[in-house]
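Remember, it's a predicted structure, so these values are computed and weren't measured experimentally. So that the names make sense, note that chain A is the first sequence line, chain B the second, and so on, each numbered from 1.
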Number of protein chains: 2
Amino acid sequence: MQASSSTETEALAEALSRDLATFTNRLLQAGHRDLFAAIEKAGLTITQVKCLKVLCEADGALYLGAISDELGLSLPALSRAVENLVRRGHVKREEDPRDRRSKLVTVTSRGRATYEQLTALRLVGIKNFVAGLEPAEQEALAAAVGPVVRRLEP
Amino acid sequence: MQASSSTETEALAEALSRDLATFTNRLLQAGHRDLFAAIEKAGLTITQVKCLKVLCEADGALYLGAISDELGLSLPALSRAVENLVRRGHVKREEDPRDRRSKLVTVTSRGRATYEQLTALRLVGIKNFVAGLEPAEQEALAAAVGPVVRRLEP
DNA sequence: TATTGTTATACTCTATAACTATA
DNA sequence: TATAGTTATAGAGTATAACAATA
């Protein structure tokens with residue numbers, strides 16, 4: 001295999017980037033409608049779902065301030081979002097015994113179940129997209145994407 | 001090469017779908033912040049950008065109703081979005097001479113330029129992601145994604 | 001006095017309903 | 001009478017400012 005020149009490398013990266021932009025557009029459209037419908041049916045907002053995501057991916061309890069930082073939202077906005085999640089039983093909010101100004105937020109099993117249902121629904125959309133690809137295309141994608149995902153997110 | 005069994009094929013599709021979900025998450029995060037900052041700086045909302053997108057990808061003028069259908073928004077919401085785009089010179093809105101109840105909306109060169117700047121900015125984020133990949137990973141992705149994009153969107 | 005979170009207020013975006021103009 | 005779009009009004013979500021409780 002020949003070494004590529006710098007300009008060739010750049011051109012490849014440029015073309016690949018454009019293709020990836022188109023590709024992700026397609027992938028996002030898949031099942032978008034169903035997912036939004038399910039979120040609305042669950043009485044949740046996008047912000048509340050993002051909040052659940054952060055909490056599900058965390059190992060334990062998080063402070064309100066930590067969540068608002070993570071999501072780039074104001075503390076009042078997050079406080080209200082959590083308030084709704086508490087009312088619906090998706091999270092619990094408790095005083096930190098070591099600093100009673102702070103509140104610790106934790107996902108409940110119900111909240112985790114809801115989040116996993118939504119994640120599964122998104123996956124359905126992607127699976128439908130994948131099912132529309134030819135076997136050779138699927139194999140090439142798996143061979144290309146798998147290693148990248150494994151390397152970046154272990 | 002051996003033919004795969006049905007269950008093997010399904011397992012491949014399942015694993016690939018999961019990887020694609022993770023992969024697109026990464027790709028979307030790249031440059032997300034900068035893009036939103038630029039949209040805000042331009043005095044636009046997400047809805048208005050989507051509106052520009054629809055108009056830029058259309059060949060000519062579109063009726064207000066057609067745009068609201070396309071975006072799944074109410075006519076009043078779209079009417080206000082277009083109103084702002086008109087004020088900022090991104091689109092022009094004219095009576096349809098053949099049915100004076102209807103309004104025809106067209107992107108101006110300024111609106112097109114703005115949309116292209118935003119698209120370019122999104123591409124910058126993706127390019128940064130691609131630049132963080134190894135050459136072999138880039139080549140494998142290009143070989144896998146390119147044909148799919150070409151087949152689905154000519 | 002500083003910090004964590006909540007409540008008060010104002011603003012934006014959206015949808016439904018009422019309205020105008022044209023067909 | 002029906003249709004395309006606008007204006008009126010109300011509801012949800014956010015941010016800034018003011019506040020309460022704790023450190």
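Rounded to an integer number of Å, the gap from CG of A:L71 to P of D:dT14 is 10 Å. The nearest whole Å value for the distance from the CD atom in B:E83 to the P atom in C:dC13 is 13 Å. Between the C1' atom of C:dA17 and the CG atom of B:L75 lies a distance of 13 Å, rounded to the nearest Å. Summarising the geometry, the separation between CD1 on A:I46 and P on D:dA12 is reported as 16 Å, rounded to the nearest angstrom. Between the P atom of C:dT6 and the CD1 atom of A:I67 lies a distance of 11 Å, rounded to the nearest Å. We find that CG of A:L78 is positioned 16 Å from C1' of D:dA12, with the value rounded to whole Å. Straight-line distance from the CG atom of B:N84 to the P atom of C:dT14: 11 Å, rounded to whole Å. Per the geometry, CZ belonging to A:F36 stands 13 Å off P belonging to C:dT14, to the nearest Å.
When atom types are taken as modelled, the side chain of A:S102 and the backbone of A:D96 share no donor-acceptor pair closer than 3.5 angstrom. The backbone N or O of A:E83 sits nowhere less than 3.5 Å from a side-chain atom of A:R88 that would complete a donor-acceptor pair. Listed for the A:Q138 side chain is a donor-acceptor partner under 3.5 Å among the backbone atoms of A:V130. Without hydrogens or angle criteria, A:E137 side chain to A:E134 main chain gives a donor-acceptor distance under 3.5 Å. B:S17 contributes a side-chain N or O that, together with a main-chain N or O of B:A13, makes up a donor-acceptor pair within less than 3.5 Å. Of the possible donor and acceptor atoms, one in the side chain of A:T119 sits under 3.5 Å from a partner among the backbone N and O of A:Y115.
Of the residues near DNA chain C, B:T45 and A:R80, the one whose nearest nucleotide (by heavy atom distance) lies more toward the 5' end is A:R80. Looking at which nucleotide of DNA chain D each of A:P76 and A:Q48 is closest to, the 5′-most match is held by A:Q48.
Of the listed nucleotides (D:dT6, D:dT14, D:dA17), D:dT6 has the atom at the smallest distance from the side chain of B:L64.
Using a 4.0 Å cutoff on non-hydrogen atoms, the parts of residues 87-105 of chain A near DNA chain D are A:D99, A:R100, A:R101, ordered by number.
Distances shown here put every side-chain N or O of B:S79 at or beyond 4.0 Å from the OP1 or OP2 atom of D:dG5.
Side-chain contact check for A:V54 versus A:K50: every heavy-atom pair is 4.5 Å or farther apart.
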